[in-house]
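Contents: one structure, followed by commentary.
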Amino acid sequence: MRGVVQGVGFRPYVYKLARSQGLAGFVLNSSRGVFIEVEGDPATIDAFVSALPAEAPPLVRIAEIIRSDIPAVGDSGFTIHESDAEGSAFALVPPDICVCNDCLSESCDPADRRHDYPFTNCTNCGPRYSIILDVPYDRPMTTMADFAMCDNCRREYENPEDRRFHAQPNACPVCGPHLILVESGQPGPAEPQTSREILQRVVDLLRAGGIVAWKGLGGYQLACDARQPFAVEQLRRRKRRSEKPFAIMVADADVAASLCFVSDQERSVLESRERPIVLLRRRPAPKLGAPLADAVSPGNPATGVMLPCTPMHDILFRILRERWATNAALIMTSGNISEEPIVIDNAEAEERLAGIADAFAHHNRRIHTRVDDSIVRIVSNVAVLLRRARGYAPQPVWLGRGEAEVLACGAQQKNTLCLTRAGFALPSQHLGDLENFETLSFFEQTLERMCRLFHARPTGVAHDLHPGYLSTQFAQKMEGVRRIGIQHHHAHIASCMAEHHLEGRVIGIAWDGTGFGTDGTIWGGEFLAADYLTFDRYARLRPVLLAGGDSGVREPWRVARSYLLDTFGAIPDTYGAFPDQPTWSQMASPERLRVIDTMLQRRVNTIPTSSAGRLFDAVASLIGLRHTVSFEGQAAMLLEAAADVNPVLAADPYAFSLAGASPVEIDLRPMICQIVGDLDRNQARTHIAARFHNTLIAVIAAVCRRMRADLQLNRVCLSGGCFQNALLLSGCLEALGHEGFEVFFQREVPANDGGISLGQAAIACEQLRQLG
Ligand SMILES: [Zn+2]
Ligand SMILES: [Zn+2]
């Protein structure tokens with residue numbers, strides 16, 4: 001039997017099931033999976049086999065059951081055997097999961113020996129991926145090897161009837177990890193204190209507006225009071241993060257619902273065992289208590305919210321409730337400086353976060369593998385992963401495209417890598433933007449550790465075509481492997497196909513910010529007819545010039561001027577007749593405007609792009625929402641927020657035309673003309689933003705109709721960062737669904753570049769399979 005069957009209470013479950021049915025035999029954790037031998041009458045064995053997946057514990061994922069008959073040996077009784085360490089040594093590894101209710105009630109019970117113990121866990125909950133050094137998953141192969149179990153813990157660990165049977169991180173206050181408090185300006189750790197005393201001190205610091213770095217499940221988090229403007233602004237300054245939204249943590253879903261609108265489905269994701277950050281729309285005024293500080297998510301109506309995921313977080317919120325407020329809201333953001341990987345090591349935390357945190361709540365259990373918080377958004381009633389990390393990684397995706405072992409290196413932004421092994425794709429956790437030495441080191445370390453954990457030896461390496469990406473350069477330095485370059489948007493579509501196990505050819509719509517095209521220009525508004533092996537670029541947005549290349553990405557006004565030049569043949573001196581409309585002088589100084597205009601007019605230091613992301617930037621700037629941005633996608637986010645007013649659907653789309661073939665050109669100049677006209681008539685930005693979104697939906701529907709007529713394709717895959725825009729995605733689902741298309745979009749791996757490595761892996765496996 002194969003799947004996620006180790007470290008998730010599967011063997012004790014098999015033991016209990018076999019005994020309840022009076023079957024004899026044994027269960028063994030082997031490196032090839034779980035091996036079960038049972039003896040009894042055939043009907044009972046049939047019942048046993050069908051009950052196996054049906055009644056399995058929550059974290060078990062069974063991928064495959066292979067059954068064969070052997071002669072009876074006259075066994076009596078049922079036993080659990082020790083692990084065997086031989087064989088091809090491949091096992092799937094479970095992710096880290098939030099504390100379960102049984103463990104929580106023990107932690108709340110003053111009579112329990114684990115009362116207020118921050119490291120309580122059992123077979124159904126607690127750390128996994130972040131503490132596993134190697135397989136088979138046994139305590140010596142985890143960072144819990146540092147702690148010898150006390151007699152009480154060992155008894156639980158060895159008793160198949162106990163909830164903690166073979167729970168590798170099993171611990172208690174006597175034998176397990178403990179908290180350590182270090183305050184800035186103090187010579188060293190404070191006097192030994194109980195966890196409650198330490199967390200009380202943390203609460204006092206937070207209440208006074210302080211910033212505390214504390215060691216969570218997959219890395220350090222920085223916490224401060226989300227309602228105190230000074231505290232939040234101070235965190236922004238010290239962390240050097242100007243506008244990117246911060247996530248918050250609150251005690252439970254009811255507190256979340258007092259601050260934000262929370263649907264039943266959002267509530268269930270908030271409370272799920274993966275405990276991701278869930279993007280929620282803030283209430284204009286909270287139902288309870290003071291509002292969140294503006295600096296939590298400046299200019300953005302959405303806030304990322306998560307609930308406590310470890311006993312430590314839970315105890316903290318209990319103390320907050322006792323000593324301060326029932327509805328506390330804390331910033332809970334990654335413990336790192338600007339774009340570096342999240343810090344996991346105690347000494348490293350004190351060094352790197354020294355200028356940020358006023359105090360450190362460490363503990364002495366090592367985090368082996370760094371795993372950031374995951375982010376989910378509900379779109380059209382579906383939970384969509386925007387960042388896949390804690391709680392989800394390293395869950396596999398079944399590829400079933402042969403046994404080839406491939407490393408896919410991903411792209412640049414929001415990088416993940418992906419290994420294939422035994423028919424599975426194993427996407428890594430979110431690694432970050434591969435733009436600095438620290439993140440590249442994290443990439444290399446993750447690769448090395450995943451290869452060890454999954455006993456993988458890649459013979460092929462898949463990479464993006466962009467020569468400047470560090471992931472591409474990494475792949476090109478690998479020796480003795482077959483290198484496979486894969487076009488960025490083809491990988492996006494293959495990723496969506498792989499997630500949904502699609503075969504054959506599909507209509508692939510890949511819309512994002514940047515991707516290197518096969519013609520050397522920047523693509524990003526692409527309609528591909530694609531399968532795993534090949535693709536045709538059926539249609540694309542009409543390219544405009546991007547002045548100053550990639551550096552133009554931070555300045556949407558440059559691409560706004562480029563669209564104006566393309567539409568009118570010259571850049572108008574003014575546009576928008578009314579005083580509250582945007583003016584060029586808000587965008588940049590006259591000298592800067594002149595420099596960029598000259599570049600655009602003479603086509604010097606420019607590159608053509610069909611990017612949909614840049615189109616969002618251009619429109620956001622044209623209507624005066626934002627002329628410069630501090631992170632990619634910011635302008636698009638504001639444009640979506642502006643359009644998200646009732647009634648969006650009543651806003652007519654603007655005009656556009658489709659021309660030519662191979663590829664068909666989508667000409668949006670008529671739309672730019674009409675937007676300028678709307679500005680002249682002093683139409684509201686929200687109205688223009690809504691019409692813009694509806695135009696894109698109309699464009700997508702029109703091109704899909706043409707592709708269906710030309711190519712007899714009816715399945716549509718939507719991928720790329722633009723489809724994290726809920727208005728665009730839900731609008732496309734509705735419009736295409738209405739016309740009878742079968743539409744697929746990504747939920748288990750991100751539609752943005754974080755999902756690309758899965759698509760690269762699927763394409764590479766198929767290529768290698770075709771080669772034999
Ligand atoms: Zn538990
Ligand atoms: Zn113990």
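Basis for what follows: all heavy atoms, side chains included, without hydrogens, waters or symmetry-related copies. Atoms within each ligand, like the ligands themselves, are counted from 1 in listed order.
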Which of V262, I277, I378 passes side chain to side chain contact (heavy atoms under 4.5 Å, CB included) with V269? Answer is I378

Mind checking whether R387 and K414 have side chains closer than 4.5 Å, heavy atoms only?
no

Tell me whether D46 is salt-bridged to R67, with the criterion being a basic N under 4.0 Å from an acidic carboxylate O.
yes

Any salt bridge between R155 and D162, counting N to O under 4.0 Å?
no

Taking everything shown except R61 itself, do over 12 heavy atoms lie less than 6.0 Å from its CZ?
no

Short N-O contact, E448 and R452, less than 4.0 angstrom
yes

D254 and R267 ion-paired at < 4.0 Å:
yes

Centroid separation under 6.0 Å, is that true for the rings of W398 and F424?
yes

For the aromatic rings, using the six-membered ring if either is Trp, is the centroid distance between H362 and Y220 under 6.0 Å?
yes

Under 2.8 Å from the Zn ion (ligand 2), protein N/O/S atoms total 4

Number of protein N/O/S atoms that sit closer than 2.8 Å to the Zn ion (ligand 1)
4

